[in-house]
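Here is the structure we will look at, set down as structure tokens.
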Amino acid sequence: MPGPSPGLRRALLGLWAALSLGLFGLSAVSQEPFWADLQPRVAFVERGGSLWLNCSTNCPRPERGGLETSLRRNGTQRGLRWLARQLVDIREPETQPVCFFRCARRTLQARGLIRTFQRPDRVELVQLPPWQPVGENFTLSCRVPGAGPRASLTLTLLRGSQELIRRSFAGEPPRARGAVLTATVLARREDHGANFSCRAELDLRPHGLGLFENSSAPRELRTFSLSPDPPRLAAPRFLEVGSERLVSCALDQLFPATEARVYLALGDQNLSPDVTHDGDALVATATATASAEQEGARQLVCNVTLGGENRETRENVTIYSFPAPLLTLSEPSISEGQMVTVTCAAGAQALVTLEGVPAAVPGQPVQLQLNATENDDRRSFFCNATLDVDGETLIKNRSAELRVLYAPRLDDSGCPRSWTWPEGPEQTLRCEARGNPEPSVHCARSDGGAVLALGLLGPVTRALSGTYRCKAANDQGEAVKDVTLTVEYAPALDSVGCPERITWVEGTEASLSCVAHGVPPPDVSCVRSGELGVVLEGLLLVAPEHAGTYRCEATNARGSAAKNVIITVEYGPRFEEPNCPSNWTWVEGSGRLFSCEVDGKPQPSVECVGSGGATEGVLLPLAPPDPSPRAPSIPSDLAPGTYICNATNRHGSAAKTVIVSAESPPEMDESTCPSQQTWLEGAEAAALACAARGRPSPGVHCSREGTPWPEQQRVSREDAGTYHCVATNAHGTDSRTVTVGVEYRPVVAELAASPPGGVRPGGNFTLTCRAEAWPPAQISWRAPPGALNIGLSSNNSTLSVAGAMGSHRGEYECAATNAHGRHARRITVRVAGPWLWVAVGGAAGGAALLAAGAGLAFYVQSTACKKGEYNVQEAESSGEAVCLNGAGGGAGGAAGAEGGPQAAGGAAESPAEGEVFAIQLTSA
């Protein structure tokens with residue numbers, strides 16, 4: 001047994017859920033009101049479909065219940081408080097089933113709503129007209145029968161994929177079904193061949209269903225446009241029986257031209273035209289052939305049909321019969337001197353004319369008789385016939401040729417007595433004779449030599465020149481004629497008649513002879529190249545100016561030829577002053593050689609040899625005419641003097657005397673212009689010691705930074721610096737840079753003490769001595785006797801004392817000495833204070849012990865210094881005795897009252913009566 005359908009299962013499931021809720025509600029609230037329920041309450045069913053309805057109640061024990069509907073039922077299932085029923089073949093647009101139960105003497109009801117829908121299965125577009133005129137409206141009508149509900153339906157009219165109009169039927173009654181959409185559309189040219197269709201859309205998506213679409217079959221629209229003008233017919237007015245003529249029919253402003261149909265006929269004869277199209281125009285052409293049965297007046301019809309409309313044109317054509325006239329000769333070929341008869345005849349209606357002579361009446365022939373001569377050979381006779389057709393005169397002609405037989409004639413026009421041809425191009429040699437039959441012509445040399453190939457194309461050569469006898473013959477006789485053939489050709493200049501190179505000797509007589517070959521004989525002229533109009537003619541007395549290149553040109557009627565002829569004129573050697581000067585100066589180091597160029601042809605050889613003195617027999621090196629790798633080496637020295645130059649070639653020799661002198665450019669070096677020079681300040685001013693070697697003797701000028709040498713009496717320090725000296729003569733310059741140093745005596749420019757305010761016992765002080773001198777001065781000091789712990793700087797410019805004592809007070813002297821003298825200045829140092837006596841008393845015992853050692857050391861050191869064995873140096877940490885190199889007079893002035901250092905007033909050079917030395921001892 002099959003199980004319940006899916007719809008039934010859904011209904012039972014809904015009923016079970018409702019009963020469960022109802023029982024729960026009864027248990028929860030015993031006073032819950034009773035109700036009836038129908039599921040589904042609202043349903044959309046496709047027309048002809050089926051639906052399960054579930055009717056239920058929450059009444060615990062309903063007395064009875066049911067489902068009221070007008071729709072067909074297929075099955076029912078029941079329970080205590082429910083009823084499920086299947087409705088089938090639902091076709092009503094809208095029905096309202098009622099579910100009811102009887103409970104507690106009350107009737108419980110629930111109403112439902114069932115609506116049907118029908119898909120747009122049929123979408124129909126009303127048939128379009130077969131042809132629609134462009135510019136006129138036509139109607140598009142779309143029908144969708146039965147589809148609905150109409151309120152959910154949308155119809156769209158389309159041209160291809162383009163929407164023309166779209167309409168929704170929303171708001172229509174729910175029971176409304178089917179729809180019609182109509183639109184008026186203007187036909188256009190571009191609509192021709194376009195597809196129109198209708199699309200229907202049933203949108204049930206708001207009701208939980210889908211979108212149902214369908215479209216009509218497309219309908220093609222054919223539009224057309226036809227000119228109101230009739231076709232243009234081109235045809236002859238007359239058409240002869242048996243002849244063919246082309247007729248045409250044309251029409252413009254029709255669309256689409258390719259869809260037009262053309263009917264072209266002559267009488268009842270369809271001409272089957274060939275139709276061509278060009279845009280919106282067509283042309284129909286056909287060949288009309290007239291037959292004897294159609295003789296008379298006929299109509300030519302052209303009909304153009306398009307879109308159910310047609311345009312037509314008719315023309316009258318007259319078909320006639322007009323045979324050509326007959327022209328006969330009594331003898332078509334006759335010998336010269338015989339009689340011949342010519343006859344011209346035509347149809348009964350035609351009027352004939354023979355050689356301009358008409359017949360008396362139409363239909364009558366015309367005759368002509370004549371005695372045949374040579375001039376009548378190949379004479380043409382003309383017979384004309386005229387016929388009147390429908391007011392138009394028609395003409396036909398016939399011709400015939402008469403042949404007259406006669407003996408050959410060789411005229412100058414066909415076979416000239418003198419032939420002149422150019423050589424080279426191919427020619428057809430012709431000697432034509434008149435005669436009938438056509439004569440044969442044969443030409444050969446009178447001496448039995450060459451034969452001319454008449455009538456054949458061949459090259460013309462010089463060998464064909466000569467006189468020929470030509471003979472013409474046919475069966476009527478023969479003719480003979482002598483002809484002369486001349487072959488012309490362009491000039492030629494060969495090496496025999498016109499050599500490329502000619503050598504003449506100066507002083508002889510010669511002429512430039514250049515012979516050319518050619519027919520007709522060429523004219524030859526020779527002109528020097530680059531000199532227009534200078535023609536070399538006749539016998540010449542040869543001179544060097546005749547040498548050069550000449551352009552010889554030969555000309556005749558067939559062309560020209562040209563050739564360059566080089567004339568060389570040879571002559572003996574000649575010296576010319578500019579090219580081989582009588583006086584030459586050799587410049588040392590210039591790299592130049594003596595250039596002695598001698599004029600002569602062929603080029604003379606030149607040699608210059610010394611004559612007399614130191615140059616006797618010495619060869620003078622000569623510069624080659626053209627630079628070459630084998631040029632003679634350039635001498636570093638050349639002996640001046642007199643040289644004899646000899647030039648020789650095969651036409652003689654020549655000699656010339658050349659005087660050679662030698663010069664040199666300026667030269668300065670360390671020996672003539674030392675780069676380092678020293679002056680002494682205050683000396684008498686003099687020029688720089690700078691000279692130069694050279695011939696002629698160079699002038700030397702020195703300047704400092706572009707400033708000339710100043711005019712002054714004595715040398716000053718400002719004269720020190722760098723000078724630029726330049727030596728100049730006719731062959732160049734040389735320069736040298738000289739550094740000048742100015743030396744001067746020493747001067748002690750500064751002698752100062754630090755601190756300047758005085759020194760207390762145990763304090764430190766420093767004496768600084770600065771000297772100005774060149775070369776730099778050596779500094780020496782003289783200190784008071786007994787002054788110890790004295791330190792000197794590396795260059796002796798500073799004297800320093802640490803822990804001043806009473807022995808350090810007194811006069812100090814600084815002396816500066818160089819090679820140019822000595823200068824000294826003095827300064828007094830004072831050392832004072834109350835603690836000095838304590839220091840002196842406390843140190844008395846130690847001082848007594850040191851005295852003996854100090855005295856011994858002083859003796860030794862002073863002796864060594866006097867002997868020059870020690871130099872003044874700093875010895876603060878060495879523990880050695882230091883000679884202070886003091887020199888000068890006695891001790892300085894006494895110490896001041898306050899004990900501070902003080903320079904001796906008016907410092908001056910110390911006297912030279914003796915030297916004073918001091919010894920300083922320091923512990924390690």
Side-chain angles (χ1 to χ4, degrees), residues 7 38-53 69-72 87-98 110-130 132 136-188 190-191 194-223:
L38 181 63
Q39 292 295 331
R41 185 64 61 90
V42 178
F44 260 90
V45 182
E46 188 170 5
R47 188 172 184 273
S50 61
L51 176 68
W52 278 91
L53 289 180
T69 179
S70 61
L71 302 176
R72 287 177 54 195
L87 305 180
V88 298
D89 195 19
I90 303 173
R91 294 183 176 276
E92 294 293 330
E94 184 176 293
T95 59
Q96 294 184 359
V98 178
R111 290 183 177 275
L113 177 61
I114 300 176
R115 289 178 177 168
T116 61
F117 70 91
Q118 183 172 340
R119 305 181 189 222
D121 295 328
R122 290 174 57 200
V123 182
E124 301 173 353
L125 184 64
V126 176
Q127 184 73 34
L128 298 179
Q132 178 63 35
E136 296 184 8
N137 291 328
F138 66 97
T139 301
L140 289 176
S141 180
C142 177
R143 296 176 61 251
V144 187
R150 187 185 299 162
S152 300
L153 197 61
T154 300
L155 298 184
T156 305
L157 292 174
L158 299 102
R159 179 195 290 114
S161 60
Q162 177 189 4
E163 291 187 1
L164 297 178
I165 185 170
R166 179 182 179 91
R167 180 180 175 188
S168 173
F169 293 90
E172 293 285 331
R175 301 180 67 84
R177 295 293 187 270
V180 176
L181 177 60
T182 302
T184 299
V185 181
L186 180 66
R188 306 174 303 171
E190 52 266 32
D191 291 336
N195 288 323
F196 290 83
S197 61
C198 177
R199 184 174 68 230
E201 301 173 4
L202 183 63
D203 190 2
L204 298 180
R205 288 176 292 186
H207 303 291
L209 300 175
L211 174 66
F212 303 98
E213 295 180 302
N214 196 14
S215 297
S216 69
R219 295 192 183 277
E220 184 180 8
L221 179 65
R222 303 171 71 192
T223 62

Point to revise | Closest heavy-atom pair and its distance - R159, A194 | key: CG-CB, 4.2 Å
**Study point:** Partners meeting side chain to side chain donor-acceptor pair (under 3.5 Å) with E92 (sequence neighbours left out)
**Key:** none
Review point. Which pairs with one or both residues in residues 137-157 pass salt bridge (Lys or Arg N to Asp or Glu O under 4.0 Å), sequence neighbours excluded?
Key: E124-R143, R150-E172
Point to revise | Those residues that, when tested against A200, pass side chain to side chain contact (heavy atoms under 4.5 Å, CB included) (two or more places apart) | key: P120, V123, V144, L155
Point to revise | Option from L51, L53, I114 for which side-chain contact (heavy atoms from CB on, under 4.5 Å) with L71 holds | key: I114
Review point. What pairs with F169 under ring-ring contact (aromatic ring centres under 6.0 Å, His included), at least two apart in sequence or on another chain?
Key: none
Study note, to complete from the structure: When rounded to the nearest 0.5 Å, the distance separating CG of L186 from OG1 of T184 is 10.5 Å
Revision key, fill the gap. Of all heavy-atom pairs linking L128 and L140, the shortest is CD2-CD2, 3.4 Å
Revision key, fill the gap. In terms of heavy-atom contacts, P97 and L38 come closest through O-CD2, 3.7 Å
**Study point:** Interatomic distance, Q39 atom CD to W52 atom CH2 [nearest 0.5 angstrom]
**Key:** 15.5 Å
Revision key, fill the gap. Residue set satisfying side chain to side chain donor-acceptor pair (under 3.5 Å) with E136, at least two apart, ordered chain then number -> none
Review point. If you take all heavy atoms of P218 and S197, which pair is closest and at what distance?
Key: CA-CB, 4.3 Å
Study note, to complete from the structure: Those residues at least two apart in sequence (or on a different chain) that pass side chain to side chain contact (heavy atoms under 4.5 Å, CB included) with A187 are Q132, F138, T223
Review point. Taking only residues two or more places apart in sequence or in another chain, which ones pass side chain to side chain contact (heavy atoms under 4.5 Å, CB included) with R177?
Key: P93, T116, P149
Study note, to complete from the structure: Rounded to the nearest 0.5 angstrom, the CG-CG distance for L164 and L158 is 6.5 Å
Point to revise | Pairs satisfying ring pair (Phe, Tyr, Trp, His ring centres under 6.0 Å), at least one member in residues 141-164, at least two apart | key: none
**Study point:** Qualifying disulfide bond (SG atoms under 2.5 Å apart) pairs with a residue from residues 138-178, counting only residues at least two apart or across chains
**Key:** C142-C198
Only distances under 3.5 Å count here; give the side-chain donor-acceptor pairs of residues 42-49 to other protein atoms, sequence neighbours excluded, each with its distance to 0.1 Å.
| residue | atom | partner | partner atom | Å |
| --- | --- | --- | --- | --- |
| E46 | OE2 | R119 | NE | 3.0 |

Revision key, fill the gap. Value for OG (S50) from CD1 (I90), rounded to nearest 0.5 Å, stands at 6.5 Å
Exercise for review: Find out whether T156 and L181 are in side-chain contact, i.e. whether some heavy atom of one side chain is under 4.5 Å from a heavy atom of the other.
Suggested key: no
Exercise for review: Verify the neighbour count for atom CZ of R111: are there more than 12 heavy atoms of other residues, nucleotides or ligands below 6.0 Å?
Suggested key: no
Exercise for review: Write out all pairs satisfying salt bridge (Lys or Arg N to Asp or Glu O under 4.0 Å) with one or both partners inside residues 212-223, taking only residues at least two apart or from two chains.
Suggested key: R222-E259
Review point. Can you list every pair that meets side-chain hydrogen bond (donor to acceptor under 3.5 Å, both in side chains) and has a residue in residues 199-210, with sequence neighbours left out?
Key: E163-R199, R166-E201, R199-E201, D203-R205
Exercise for review: Please report the shortest heavy-atom distance between D121 and N214, naming the atom on each side.
Suggested key: O-ND2, 2.9 Å
Check your understanding: Taking all non-hydrogen atoms of both residues, which atom of G171 and which atom of A151 are closest, and how far apart?
Key -> N-CB, 4.1 Å
